[in-house]
Amino acid sequence: MSYNFLNKVAVVTGGLSGIGRSTTIKLLRQGAKVIIGDLAHEQEIDSILNTINKSAPDCDVHHNLRFLRTNIGVYQDNINLVDFALDEYKTIDYVVANAVTIMKGFTATAAEETTEDFNRVINVNLGGIFALNKLCINYWKEFNYRGSIVNIGSISGPKVIEPGSLGLSCGKSGIHTLTRSMAKDYGALGIRINEVCPGLIKTQSLESFLQSGQYGYDQVVAQCPVKRIGDSDEVANAVCFLLSDEASYITGASLNVDGGYSCR
Ligand SMILES: NC(=O)c1ccc[n+]([C@@H]2O[C@H](COP(=O)([O-])OP(=O)(O)OC[C@H]3O[C@@H](n4cnc5c(N)ncnc54)[C@H](O)[C@@H]3O)[C@@H](O)[C@H]2O)c1
């Protein structure tokens, strides 16, 4: 799938790993400039640069990729990320609000979760996405600009109820509502806000989930209609489509990328 992202500027949170990393690479390959905001360390950037250099040697990644250490759960960090993007590339066209923190432990039932961890996860995940959406929308409103946001939700919460990680699921349900609500508020300004809901995707997060011991790999795959786990590139394809002008009449939508897992 190929889109014309030439000179478009995208802010991607959590872009150093998994789905964010795949999305960053796809955007760069198609001509975009990308600012990654991530809590992890900048050294990961080298691995992204190497991947791009090998597969798309014409892509000027050294000029088109920037990194700012960002904790999405800190409001000031979101302000700094937006300011940094504007300083570096003078505008923002796209936002991929992807980063999340995870629960400290996997619990079988809701009552086993601590209130502190529940509040922390909601605050970082839902609060962080709200902050970045709001800041970018305010920028676009001020300059009468038409931007596009893709929030990364999950099937777990708005689409299916799984045991454990209640804070994570409640945060994702909040992201679902936030996306639709903001799409309704700002559609008339030409600002589009959509959501991608991954199912089981092979990334570090999924590894941690499987290591919790509640489910084995085979058990999880057996529940998925297409009988396999997804790849982060398959989610990135959906993200790039929704960001692009090809999706010009799509806003407030929620696109599952789950191999049919939620059809249960
Ligand atoms: N992998 C799956 O199976 C799956 C399923 C459903 C939803 N998702 C969603 O997809 C998105 C990406 O998940 P992934 O599996 O690629 O994760 P991942 O663990 O591979 O990457 C997450 C990235 O976010 C960064 N990060 C963590 N906390 C942060 C914070 N507070 N501020 C800024 N950056 C932070 C990490 O450093 C990392 O680079 C998440 O929103 C996740 O909930 C993933």
Side-chain angles (χ1 to χ4, degrees), residues 11-26 34-45 47-48 67-78 80-81 84 95-104 106 120-133 149-160 162 164-165 167-176 178-179 195-212 215 217 220-221 223-224 228-236 238-239 254-259 261-262:
V11 173
V12 180
T13 63
L16 292 183
S17 172
I19 292 166
R21 183 179 188 279
S22 290
T23 302
T24 295
I25 290 171
K26 274 189 197 296
V34 180
I35 300 95
I36 290 178
D38 199 299
L39 198 51
H41 287 283
E42 195 165 359
Q43 294 90 299
E44 287 292 326
I45 288 279
S47 126
I48 294 183
F67 171 81
L68 186 70
R69 191 146 197 273
T70 305
N71 181 351
I72 59 144
V74 176
Y75 190 67
Q76 186 60 46
D77 277 20
N78 286 289
N80 295 346
L81 183 61
F84 179 70
V95 174
V96 182
N98 162 73
V100 289
T101 189
I102 52 173
M103 306 294 296
K104 287 196 168 134
F106 186 93
R120 179 188 66 82
V121 166
I122 296 283
N123 187 39
V124 173
N125 296 355
L126 184 53
I129 285 206
F130 170 67
L132 189 58
N133 277 236
I149 297 177
V150 173
N151 294 319
I152 306 299
S154 174
I155 56 164
S156 179
K159 315 287 174 87
V160 294
E162 298 284 5
S165 303
L168 210 52
S169 298
C170 288
K172 292 299 189 181
S173 294
I175 290 166
H176 182 70
L178 178 149
T179 300
E195 174 195 38
V196 165
C197 291
L200 298 157
I201 310 297
K202 192 171 175 3
T203 66
Q204 277 173 15
S205 297
L206 185 67
E207 291 295 320
S208 317
F209 170 69
L210 292 177
Q211 278 164 15
S212 72
Y215 289 103
Y217 180 89
V220 163
V221 167
Q223 290 178 36
C224 184
R228 68 175 176 86
I229 286 196
D231 189 273
S232 55
D233 277 350
E234 294 176 291
V235 183
V239 175
S254 174
L255 180 52
N256 299 345
V257 184
D258 69 345
Y261 191 89
S262 52

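Order of appearance sets the numbers: ligands from 1, and atoms from 1 within every ligand. FYI, the numbering just counts along the sequence from 1. Owing to the predicted nature of the structure, the values given are computational and were not obtained by experimental measurement.
Protein heavy atom nearest atom 39 (O) of ligand 1, with residue, atom name and distance: Asp38 OD2, 2.7 Å. Looking at atom 12 (C) of ligand 1, its nearest protein heavy atom turns out to be Asn98 OD1, 3.0 Å. At the top of the distance list for atom 20 (O) of ligand 1, counting protein heavy atoms only, stands Ser17 OG, 2.7 Å. For atom 8 (N) of ligand 1, the closest heavy atom belonging to the protein is Pro198 CG, 3.8 Å. Atom 32 (N) of ligand 1 has its closest protein heavy atom at Ile72 N, 3.0 Å. Taking atom 17 (O) of ligand 1 as the reference point, the nearest protein heavy-atom neighbour is Ser205 OG, 2.9 Å. From the protein, the heavy atom lying nearest to atom 24 (O) of ligand 1 is Gly14 CA, 3.5 Å. In terms of protein heavy atoms, atom 28 (N) of ligand 1 is closest to Val100 O, 3.3 Å.
Within the listing of ligand 1, atoms 7 (C), 9 (C) sit less than 4.0 angstrom from a heavy atom of Gly153. Atoms of ligand 1 lying under 4.0 Å from any heavy atom of Gly18, numbered from 1 in the order shown and given with element: 16 (O), 20 (O). In the vicinity of Ile152, heavy-atom distances shorter than 4.0 Å reach the ligand 1 atoms 9 (C), 10 (O), 11 (C), 41 (O). Residue-ligand proximity, Ala40 to ligand 1, at heavy-atom distances under 4.0 Å covers atoms 37 (O). Atoms of ligand 1 lying under 4.0 Å from any heavy atom of Asn71, numbered from 1 in the order shown and given with element: 30 (C), 31 (N), 32 (N). Listed by number with element, the atoms of ligand 1 under 4.0 Å from a non-hydrogen atom of Leu200 are 3 (O).
Between Val100 and Val124, every side-chain heavy-atom pair lies at or beyond the 4.5 Å cut-off. Contact of the Tyr261 side chain with the Asn256 side chain is not registered, since no non-hydrogen atoms from C-beta on lie closer than 4.5 Å. Annotation: side chain of Thr179 is not in contact with side chain of Ser254 (no heavy-atom distance under 4.5 Å). A heavy-atom distance below 4.5 Å is found between the side chains of Ser173 and Pro158. The closest side-chain heavy-atom distance from Ile48 to Ile36 is below 4.5 Å. Within the 4.5 Å cutoff, side-chain heavy atoms of Ile152 are placed close to those of Pro198. Between Lys172 and Lys159 there is no side-chain heavy-atom pair separated by less than 4.5 Å. By the 4.5 Å heavy-atom criterion applied to side chains, Tyr217 and Ile229 are counted as neighbours.
Counting only N and O atoms by type, the side chains of Asp77 and Thr70 include no donor and acceptor under 3.5 Å apart.
We find the CG-CD1 distance between Asn151 and Ile129 to be 4.5 Å, quoted to the nearest 0.5 Å.
Polar contact check, Leu39 against ligand 1: a nitrogen or oxygen pair lies under 3.5 Å apart. The shortest N or O to N or O distance between Gly199 and ligand 1 is under 3.5 Å. Between Ala99 and ligand 1, no N or O atom pair is found at a separation short of 3.5 Å. Polar contact check, Gly20 against ligand 1: no nitrogen or oxygen pair lies under 3.5 Å apart. Residue Ser154 has no N or O atom closer than 3.5 Å to an N or O atom of ligand 1.
Applying side chain to side chain contact (heavy atoms under 4.5 Å, CB included) to Val150 and the options Val95, Thr23, Leu255, Val196 leaves one that passes, Val196.
Judged by distance alone, the side chain of Thr13 and the main-chain N or O of Ala97 form no donor-acceptor pair under 3.5 Å.
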Worksheet item: Run the side-chain contact (heavy atoms from CB on, under 4.5 Å) check on Val220 and Leu206 step by step: do they pass?
Response: CA-CA 11 Å; Val220 163; Leu206 185 67; 5.6 Å; no

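Heavy atoms of Thr13 found under 4.0 angstrom from ligand 1: none, in either backbone or side chain.
Checking atom 35 (C) of ligand 1 against the protein gives a heavy-atom contact under 4.0 Å.
In this structure, of Thr203, Ile201, Leu16, the residue bringing a heavy atom nearest to atom 3 (O) of ligand 1 is Ile201.
For Lys202, the heavy-atom gap to ligand 1 stays at 4.0 angstrom or more.
Taking a 6.0 Å sphere around CD of Gln76, one finds it holds more than 12 heavy atoms contributed by other residues, nucleotides or ligands.
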